[in-house]
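These numbers come from a predicted model, not from an experiment. Heavy-atom basis, side chains included; hydrogens, waters and symmetry copies ignored. Numbers restart at 1 for each chain; the letters A, B, ... are given by sequence-line order, proteins then strands.
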Amino acid sequence: MAYAVEMSNICKSFNKGKVQALDGVNFTLGRAKIHGILGENGAGKTTLMNVLFGLYRADSGTICVNGKPVEIHRPKDARALGIGMVHQHFMLVRTMTVAENVVLGLPSSKAPFLDIKSATSKLLELSNVFGLKIDPGAKVWQLSVGEQQRAEIVSVLYRGVDILILDEPTAVLTPAETRDFFKMLGKMKAEGKSVVLITHKLEEIFDIADEATVLRNGKLACSTEVSNTSKQELTRMMVGKDVLFNLKKSSYEKNALDSNERLKVKNLSALNNKGLSALDNLNFSIEAGEILGVAGVDGNGQSELCEVLTGLRRIESGDISVNGTSCTGREPKAFIDLGVAHIPEDRHMTGMAMNMDVSRNLIIKDFDRKEYSFLGILKSGAIERNADRAIAEYEIKTSGAEARVRELSGGNQQKIILARELGKNPKVIIANQPTRGLDIGATEYVRQKLLEARDNGAAILLVSADLEEIMQLSDRIAVMYRGRMTGIVPGASTMEEIGLMMAGYDNTKPEACNA
Amino acid sequence: MFAGTIRMSVPILLPALGDIYTQRSGILNLGVEGVMLMGALAGFLGVAFTDNLFIGMVFSAFIGMISAGVMAFLSVTVKANQVIAGTAITILGAGLSSFLFRAIFGVQKLPPLVREFPVCKIPVLSDIPYIGTIFFEHNLFVYLAYILVPLTWLILERTTFGLNARAVGEHPHAADAKGINVSLTRYLCVLIGGAYAGLGGAFLSIGFMNTFLAQMVGGRGFIAIAVVVFSRWEPFRALAAALLFGVANALQVRLQAMGVPFPPQALQALPYIMTIVVLLSVSRRASFPSAYTIPFSREER
Ligand SMILES: Nc1ncnc2c1ncn2[C@@H]1O[C@H](COP(=O)(O)OP(=O)(O)OP(=O)(O)O)[C@@H](O)[C@H]1O
Ligand SMILES: [Mg+2]
């Protein structure tokens, strides 16, 4: 039987050959198979799939689909071959509704007019069948990243595809959503469809994939049946050496006598982008040297909470104080000056200036400090030295400090934000999905860094869709549900307990363990 | 005076409606002024040589499209800087139109005149006292411009083409990934803008003055661009802004006729000043299409 996709000897370079993203890569996808692609940040996973989808033209190499050689010059050609793709950085038009985004580029039954109504009902049906909650009438800019992820997935399913490419689709889905999503992939496979799944989560590969390909530095490291391999082997293939995971966390000891509240929130309420209540009378505090993990299904106010705590969103009522100083109604700059670091969920929109280079993005919050400027003139020497240090320390894969961040792979963009935010001993860290899109090595590294910051006395608010991450790092765990915290429990609680709270069951007395 | 308002809004309204397509697709065509001049000349030539008003109209739209086609080529295919390309089109249109006019008609004391555009009274409606003369006694251009307002809205908001145009201006990469031809869509939007602008110019030459003058567009192309931005790319708001310009213009003519003791130049500037002041105060923060003036290349991320 012919392969669904067979790519041979694919080479692709960027910036006139300065970056060799793919170097003679072979890739085969069996029919009715789920194929995982693994690799470190910048290994070339997205590039390889973009070549298959027609977004990039390979410098050399051939592609066969269902045994026939094909030329894919543009996404339209790929679609004609039944290939669909969920992109790592969503391809959604922010000013349009979810439904409009879904019908974009599709012929309409009422041509030349749009048929939003029937699209909406078909969408709701799809979202029911697959357990992916979406609101077809909402504008994309009003949605959280998790909701956008669901919209992106549903929009590809709406089109109906034979070969589905998924570029880190589960990065911001909750465990329950991921489970439903994988069930759906299993169904598609049973119907004879083939799926490519790019992921950094090894468990997902062993859960669902039949075959796996590992890329390293633009080259094929190995390609194998999943049943013939192990986690250790795949990890070794990705990194090129054995990796030991041993995250050390010192136990947290609350100083009973002097309370050391770094961040305190009182009766906090705020609205979301749709003008509806997002935060409903929140009360909590975080002490120096403590990590408060916030679990919950995405879209229950987590994003708004992080924005409020960094001055990016106006609050309706209540009070926020950092280190005892009230910051209510202050500008983001005031929060920065008080030592609040922010790792935002949407790195493109709020994390960095995409057209600026790496070195400038690293000092974008400190450009007016003495180290980096004098009388309004930037000190390029100091800026460059800072960049070189950060690139080395965080192992950022880039062609140089003067590369535009737009050109970096997703994981490496995230590292720039981390280097900037964690680099200057913050007092408070607001981390929203800090390891989203990072490879295992980098994830481990970031978690280590967060723990280090905590041990150095930072108060950390950690929002994550990854329950395991929350359990592993947090001293206390809060669950957000519909803008409220359904209880704050000690870090040693069980997964089940938290899972129940995420669905809205409050089995602890609120504030029971609050400091 | 009210009928004058309706009439004088047309040379703003037509190019503005067309420019809504252009700008929504992410292209800033600063050449509208030049395209209007070319359209004005084309309309005049069409009528002068065939004595057929309809041919004049069609010819002006056609030449408008060709002039805008140069802009489309420069901004979409060559990916040139749009501010520079548009400015060049304006200069080119101004120079070329008066050059051609003189080459064909020579230098004369009195400008050559063509046949007047007939006023079409709409039966029944134009008999309504008072209102009838204001709204239903105009020439074809005026009716056309007003019909295009809801039509433009309909096309942009309710058709697949309109959705494509908006997507291409907001997020060309997403549009491309969905299989939309970004370049083609942008070309079409610029060409539509050119046709409308050409007609707007022809209104001035054959629909209003029966002649061609080198300065006859008088900055209306630029006002139209401003109107589009300030009306936040919506046809009905653009209509309101164009009417405002029409009011000011009619008022200015009235004041001059009454012999108000003001230098006529100051009075002539009134509509422009009024339009800009009102537009600035009415328009809150305009949010431009995200890909405004940015050329698209698939492999750039
Ligand atoms: N459009 C582009 N312009 C310039 N360089 C690019 C472009 N696209 C990718 N690259 C470079 O190619 C390399 C591979 O990037 P790619 O996005 O494929 O990585 P990835 O394996 O998907 O990583 P991640 O896990 O971080 O998403 C990187 O070094 C990146 O900087
Ligand atoms: Mg990637």
For [X] and [Y], work out which heavy atoms get closest and say how close.
X: B:R298; Y: A:G54; answer: CD-O, 3.5 Å
X: B:E170; Y: A:T95; answer: CG-OG1, 3.2 Å
X: B:L163; Y: A:M96; answer: O-CE, 3.5 Å
X: B:G179; Y: A:R79; answer: N-NE, 4.1 Å
X: A:L114; Y: B:E157; answer: CD1-O, 3.9 Å

Taking atom [atom1] as the centre, does [X] end up with more than 12 heavy-atom neighbours from other residues, nucleotides or ligands that are less than 6.0 angstrom away?
X: A:E71; atom1: CD; value: no
X: B:F62; atom1: CZ; value: no
X: B:F236; atom1: CZ; value: yes
X: A:K18; atom1: NZ; value: no
X: A:K76; atom1: NZ; value: no

Structural part of [X] lying under 4.5 Å from a heavy atom of chain B:
X: A:E407; result: backbone
X: A:H87; result: side chain
X: A:R406; result: both
X: A:R94; result: neither
X: A:F90; result: backbone
X: A:I116; result: neither

>> If we define contacts as heavy-atom pairs under 4.5 Å, which of B:I155, B:N181, B:N164, B:D176 has the most with chain A?
In response: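 Of the candidates given, the most pairs with chain A belong to B:D176.
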What residue in [options] has the most heavy-atom pairs under 4.5 Å with chain B?
options: A:A111, A:S108, A:P112; answer: A:P112
options: A:K12, A:H89, A:M354; answer: A:K12
options: A:L106, A:D77, A:N50, A:N101; answer: A:N101

>> Please classify the contact of B:I180 with chain A as side chain, backbone, both or neither, using a heavy-atom distance under 4.5 Å.
In response: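 When you check distances to chain A, only side chain atoms of B:I180 fall under 4.5 Å.
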> Is it the backbone or the side chain of B:E300 that comes under 4.5 Å from a heavy atom of chain A, or both, or neither?
Replying inline: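 Only the side chain of B:E300 comes within 4.5 Å of chain A.
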> Does a side-chain heavy-atom distance below 4.5 Å link A:L55 with B:H173?
Replying inline: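 Counting from C-beta outward, A:L55 and B:H173 never come under 4.5 Å.
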> B:K178 versus A:R159: any side-chain heavy-atom pair under 4.5 Å?
Replying inline: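 Yes; the side chains approach each other to less than 4.5 Å.
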